[in-house]
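Reading through the structure tokens given below for one structure.
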Amino acid sequence: MPRILIIDDEKAIRNTLKEILEYESYTVDQAEDGPSGLDLMIKNKYDVVLCDIKMPKMDGLEVLERAQLASPDSAFIMVSAHGNIETAVDATKKGAFDFIQKPPDLNRLLVTVRNALDRTKLVTETKTLKKKIAKSSEMIGASAELEQVRKQIAKVAPTDARVLITGPNGAGKEMVARQLHELSNRNNGPMIEVNCAASPSELIESELFGHEKGSFTSAVKQRIGKFEQADGGTLFLDEIGDMSLSAQAKVLRALQESKITRVGGEKEISVNVRVIAATNKDLQQEIAERNFREDLYHRLSVILIKVPALNDRRDDIPDLVQRFLADIARDYGDKPKTIDAKALDYLKSLDWRGNIRELRNVVERLIIMSEDTITEADAKAYAGK
């Protein structure tokens, strides 16, 4: 149930607001001044704080500033009988969600509180999602091969250098790209992904650069491309070895000039994007066969990171299996299963041509088909080798 704190030196106002909000099924606490309110925010988590501006001991704007440390996720609604536009603007600059005047209009008050609760919920969901994404992009293992990749990421991520990630399918190239973005100075910006193999050659240019309305038969409205969407952040071009030569030429121009033109458009649009590319192909061989532009290769490969195949880091398999056991159990809402040492040894002995992706699928199969402890017999029966 949403929890709301009212900070106001006027008891009558506090009681009136409390009565209104409790009627709407909110849990409401009160404080008669700023220091008391801050103490409550340290002890409890509040979704919304209604705070008077003119109060003894500490005014509302000072409470707001201090609350950024005590309760940064709470949405502040400032309340004052002496409000003006300048005060409202000042409160907003300091982090207030909204500003309402005394005596508050009932409908305006309730709408503002609901909007503030929506904002708090969105902030919480965003943080949870970011944690999930960060966890899903975490690279598991302690092998020397993986440590080398981690060292490269740590050195390269803070720069704006373009990176080309190579390695077989399922080895974790996307995880490397996500780590590069999360550890970069652009991590507050978007990371936009494009699977160049999944987009038909005739549509990839529209996907990357967008198009103007009427530029081709099905272009019924304007479309913003991935380069524009990634402005201020990172553009991840996965499976770039499958991109058409015409699209490669336009990507090369975008990298050279930091400008793009939508399909069917004439206006040049400046973009501030860091490009990270990945491929499972040998691009040198593709260049020799005239399937890939050599000049684009050199633009993309300022830094080369090679992700090792799982067969080249078998010592990481136990750690990966334990992570998958926990993650899949959480997804299923079950208690994680255990796996015995002989089963792990057997999994380490197998040929993992599908790499980490294949290993995760096998672990999920073992969870479904086995009892509480996964045995060597289970691994031999269900690993599908």
Side-chain angles (χ1 to χ4, degrees), residues 1-131 185-190 231-233:
M1 185 176 294
R3 194 166 188 175
I4 298 173
L5 174 63
I6 302 168
I7 307 174
D8 199 303
D9 61 317
E10 295 183 59
K11 186 175 181 180
I13 292 289
R14 293 200 309 271
N15 289 338
T16 300
L17 292 174
K18 179 179 173 69
E19 185 177 341
I20 292 169
L21 293 168
E22 286 185 337
Y23 184 79
E24 296 293 318
S25 299
Y26 299 131
T27 300
V28 182
D29 292 338
Q30 300 181 55
E32 62 185 7
D33 54 43
S36 301
L38 286 170
D39 286 343
L40 284 172
M41 278 184 273
I42 291 170
K43 295 174 185 175
N44 306 309
K45 182 182 183 301
Y46 293 100
D47 300 289
V48 176
V49 177
L50 291 164
C51 185
D52 189 19
I53 290 183
K54 298 293 183 182
M55 294 185 294
K57 296 185 181 180
M58 185 185 298
D59 71 29
L61 294 179
E62 187 177 351
V63 175
L64 173 61
E65 288 181 337
R66 295 194 181 192
Q68 305 297 320
L69 297 175
S71 186
D73 294 337
S74 299
F76 255 73
I77 300 172
M78 308 307 294
V79 186
S80 178
H82 313 284
N84 53 44
I85 292 176
E86 186 177 332
T87 307
V89 169
D90 193 23
T92 304
K93 284 182 178 178
K94 285 181 166 64
F97 173 76
D98 206 344
F99 178 94
I100 56 178
Q101 287 187 307
K102 290 182 181 178
D105 174 82
L106 176 58
N107 290 329
R108 167 96 160 86
L109 171 68
L110 292 177
V111 168
T112 303
V113 168
R114 289 189 195 108
N115 289 341
L117 287 168
D118 288 342
R119 175 259 188 194
T120 303
K121 182 180 178 183
L122 185 61
V123 168
T124 303
E125 288 176 348
T126 300
K127 286 187 174 182
T128 302
L129 184 59
K130 282 188 173 181
K131 285 180 181 178
N185 298 324
R186 295 173 174 265
N187 58 11
N188 287 325
D231 192 47

Smallest separation among heavy atoms of Cys51 and Gly60, with atom names: SG-CA, 3.8 Å
Results of side chain to side chain contact (heavy atoms under 4.5 Å, CB included) for Asp29 - residues two or more places apart only: Arg3, Leu5, Asn44, Tyr46
Student check: side-chain heavy atoms of Val79 and Ile53 closer than 4.5 Å: no
Validation row: Met78, Asp98 side chains within 4.5 angstrom (heavy atoms): no
Euclidean distance, Leu40 CG relative to Ile7 CD1, rounded to 0.5 Å: 8.0 Å
Donor-acceptor under 3.5 Å (Thr120 side chain, Asp47 main chain): yes
Side chain proximity check, Val113 to Ile77, heavy atoms < 4.5 angstrom: yes
Side-chain touch Asp9/Pro56, heavy atoms, less than 4.5 angstrom: yes
Least distance between heavy atoms, Ser80 atom then Asp52 atom: CA-OD1, 3.9 Å
Contact check, side chains of Met41 and Arg66, non-hydrogen atoms, under 4.5 Å: no
Test item: Glu24 side-chain N/O and Ile20 main-chain N/O as donor-acceptor pair under 3.5 Å: no
Side-chain heavy atoms of Leu117 within contact of Tyr26, under 4.5 Å: yes
Between CG on residue Leu122 and CG on residue Asp118, distance to nearest 0.5 Å: 8.5 Å
Heavy-atom donor-acceptor pair, Ser36 side chain to Glu32 backbone, under 3.5 Å: no
Point-to-point distance, once rounded to the nearest 0.5 Å, from CD of Glu10 to OG1 of Thr16: 10.0 Å
Spatial distance of atom CD (Gln30) from atom CZ (Arg14) [nearest 0.5 Å]: 5.5 Å
Contact summary for Leu64 and Lys94, nearest pair of heavy atoms: CD2-CB, 3.6 Å
Over 12 foreign heavy atoms within 6.0 Å of NZ, Lys102: yes
Contact check, side chains of Asp8 and Asp33, non-hydrogen atoms, under 4.5 Å: no
Atom NZ of Lys11: over 12 foreign heavy atoms under 6.0 Å: no
Partner of Leu17 by side chain to side chain contact (heavy atoms under 4.5 Å, CB included), out of Val28, Ile4, Leu109: Leu109
Under 3.5 Å: donor-acceptor pair, side chain of Asp105, backbone of Arg108: yes
Nearest heavy-atom neighbours spanning Val63 and Gly34: CG2-CA, 3.5 Å
Pairwise side-chain contact, Ile6 with Val49, heavy-atom cut-off 4.5 Å (strictly under): no
